[in-house]
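One structure below.
Proteins come first, then strands; the chains are lettered A, B, ... in the order of their sequence lines, and each starts at number 1.
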Amino acid sequence: MIKIENLVKLFGSKRAVDDISFTVGKGEVLGFLGPNGAGKSTTMRMITGFIPPDSGSIRVGEFNMLTDPIRAKQTLGYLPENAPLYTDMTVYGFLNFAAELRGLRGADRKKAVHSAIETCFLESVIHQNVDTLSKGFRHRACFAQSILHDPEYLILDEPTDGLDPNQKHEVRSLIRNMGKRKAIIFSTHILEEVLEVCTRTIIIDRGSIVANGSPAQLKAMHPDFGSILITVRNVTEAELREKLKTLAAAAQIESVKNKEEVVTLRVYPKDKNSSGLAAQMAELAIQSGWKFDELHTDDGRLDEVFRAITLPDTVKKSKKDGPVITVNV
Amino acid sequence: MNLAVRNIYTIAKREMGGYFTSPVAYVFIVIFLILAGVFTFPLSDFFARNEASLNAFFFWHCWLYLFLVPAVGMRLWSEERRLGTIELLLTMPVTGWQAIVGKFLASWLFLGLALALTFPMVITVNYLGNPDNGVIFCGYLGSFLMAGAYLAVSCLTSAITRSQVVSFILSVVFCLALVMAGWPPLNDMLSQWFSSGVINAVASISVMTHFSQFQRGIIDSGDIVFFLGLIFFCLFTTGVVIRSYRAG
Ligand SMILES: Nc1ncnc2c1ncn2[C@@H]1O[C@H](COP(=O)(O)OP(=O)(O)OP(=O)(O)O)[C@@H](O)[C@H]1O
Ligand SMILES: [Mg+2]
């Protein structure tokens, strides 16, 4: 388990990380989201022992990173942001170097290096000099370094940055699989990635945690979550509204589109957590003989939730900038 | 093997490999040997001296190292900072001092190798006459220690900045100060204004003063302590600089 408590980091007078606490257990994949400059990398650098926090505590498994850094670091694997590499080495040389520093010797080292090469699809470049690698391959070489010693804890700062779609897919499924046995924290700007891989998501903004929950919970914070969209042909909007209003579970109705005799309405339920409304609407549609193109429950949109909770209020000029969402962490 | 020794060895090995995978190492060694030769033979009238010793050779070392050692040491930490690999290195299970010592030893060994390649000088004087090989050995020992001291200064300046050029310039300036403090013309000039006590105090922090003992064939523990102390001080300060860089 990685447990951090009341972490604070100041750069000059700027609070880059301002009182962050959370825990990640084995079997969890924690997605770390936040706008540029939110403090994600700074938090990760503190967890991995690269920079000391101004206050707070960091436990990695049974070790305290601040008082017992060597043993804490032994259990960690870390992919820093931008995947730094020694440019004067070959990929193979680099991985061997990293494995040696991880305390792997002889046959163990060979095995570890080869399995990392295989996992990260580096066979084609192992004897290539690092400074001639393409960006994606650099990233993969650095990623390989982080999993060499099969660490219990993995900290990955934007692991899919610069990868092609196939590699992104590979890395995501790798993270998901490894997450069954390890505790993983990874940061990303790709929201689908979060939905696909994470068991839990933390959004931080200006140094503080602004949301913490499963991806589904975060999506559910969207005001349209649980609302039902219906698209019907050859019925006027007025008639449609009239009928829908009679439904017991329906609350407010909003018009989405009305064009060439195709009407789309959004119906909000009285109770977001019950699924009664969709069934009632389907029944009504069949009874009334409507030709409906679409009837679908909106399960929220993570990007809009993200936008809503990380945009400063001053920037939100109009409703177009996204819904207003209030969060309690 | 002890874990600390193992880590230092691994880091030093990587650093050493870094020198030899680029042509820089070979260029450096060639330039070093040419300059050592130029200083010794044409500039010092080696043959006209008609003496079987390497005095003319060692005499120039404090000036020769002034530019060559910072050229070797300038990248030690500045390159780690520029590439960001410092983050990789220091989140591995190694301590800061292991990394500092490992990198330093690799470069020192490299300088030692360049110095060792001047062995034809020793053969030449032994062929031409009957030099005191003990004195020559002392000269080499002193020269090696002095190279280490210069290198430690470069190591420190390379930790201060991510630019190799700035690191090089700072290092040359610091090393120049260490030489000049004991440079006889400067000391003579200063003696017009200061008492001999002050002059001696200033001269005692100069690498030139301490190296000249070795050149005469005297191995004084005080001189060895001076060089090792200077190395220790610079490496320790490097650690402080790197810690404060990490703290932001
Ligand atoms: N060494 C440093 N010195 C001064 N300020 C710093 C330093 N490192 C980070 N900061 C500042 O701390 C804040 C947080 O930076 P951080 O790199 O953690 O952001 P991030 O969430 O990782 O952003 P991104 O999504 O762009 O990677 C930023 O305002 C940044 O300018
Ligand atoms: Mg970042």
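- Ranked by non-hydrogen atom pairs under 4.5 Å with chain B, the options A:Pro84, A:Gly93, A:Ala16 are led by A:Pro84.
- A heavy-atom distance below 4.5 Å is found between the side chains of B:Leu88 and A:Gln145.
- With a 6.0 Å radius and a threshold of 12 heavy atoms from other residues, nucleotides or ligands, A:Arg71 has its CZ atom at or below the threshold.
- A:Tyr86 and B:Leu83 get closest at one heavy-atom pair: CA-CD1, 4.5 Å.
- Neither the backbone nor the side chain of A:Ala72 comes within less than 4.5 Å of any heavy atom in chain B.
- Within the 4.5 angstrom heavy-atom criterion, atoms from both the backbone and the side chain of B:Thr10 approach chain A.
- For A:Phe11, the CZ atom is densely surrounded, since the number of other residues' heavy atoms within 6.0 Å is greater than 12.
- For the residue pair B:Leu3 and A:Arg105, the shortest heavy atom distance occurs at CD1-NH2, 4.2 Å.
- With chain B as partner, the option from A:His149, A:Met46, A:Glu81, A:Arg45 having the largest number of non-hydrogen pairs under 4.5 angstrom is A:Arg45.
- With a threshold of 4.5 angstrom between heavy atoms, A:Thr87 approaches chain B through its backbone and through its side chain.
- The candidate with the highest count of non-hydrogen atom pairs below 4.5 Å against chain A, out of B:Arg246, B:Glu87, B:Glu79, is B:Glu87.
- Around atom NZ of B:Lys13, more than 12 heavy atoms belonging to other residues, nucleotides or ligands sit under 6.0 Å away.
- Using a cutoff of 4.0 Å between basic side-chain nitrogens and carboxylate oxygens, B:Arg14 and A:Glu100 are not scored as salt-bridged.
- Inter-residue side-chain proximity for B:Phe20 and A:Asp88 is flagged as unmet; no heavy-atom pair is nearer than 4.5 Å.
- The minimum heavy-atom distance linking B:Ala247 with A:Pro52 is given by the pair CA-CD, 3.8 Å.
- To the nearest 0.5 angstrom, B:Thr91 atom OG1 is 12.5 Å from A:Met44 atom CE.
- Heavy-atom distances place the side chain of B:Glu80, and not its backbone, under 4.5 Å from chain A.
- Taking each heavy atom of A:Leu101 and B:Ile11 in turn, the nearest pair found is CD2-CG1, 4.0 Å.
- Remark: A:Glu62 CD is loosely packed, at most 12 non-hydrogen atoms of other residues, nucleotides or ligands lying under 6.0 Å away.
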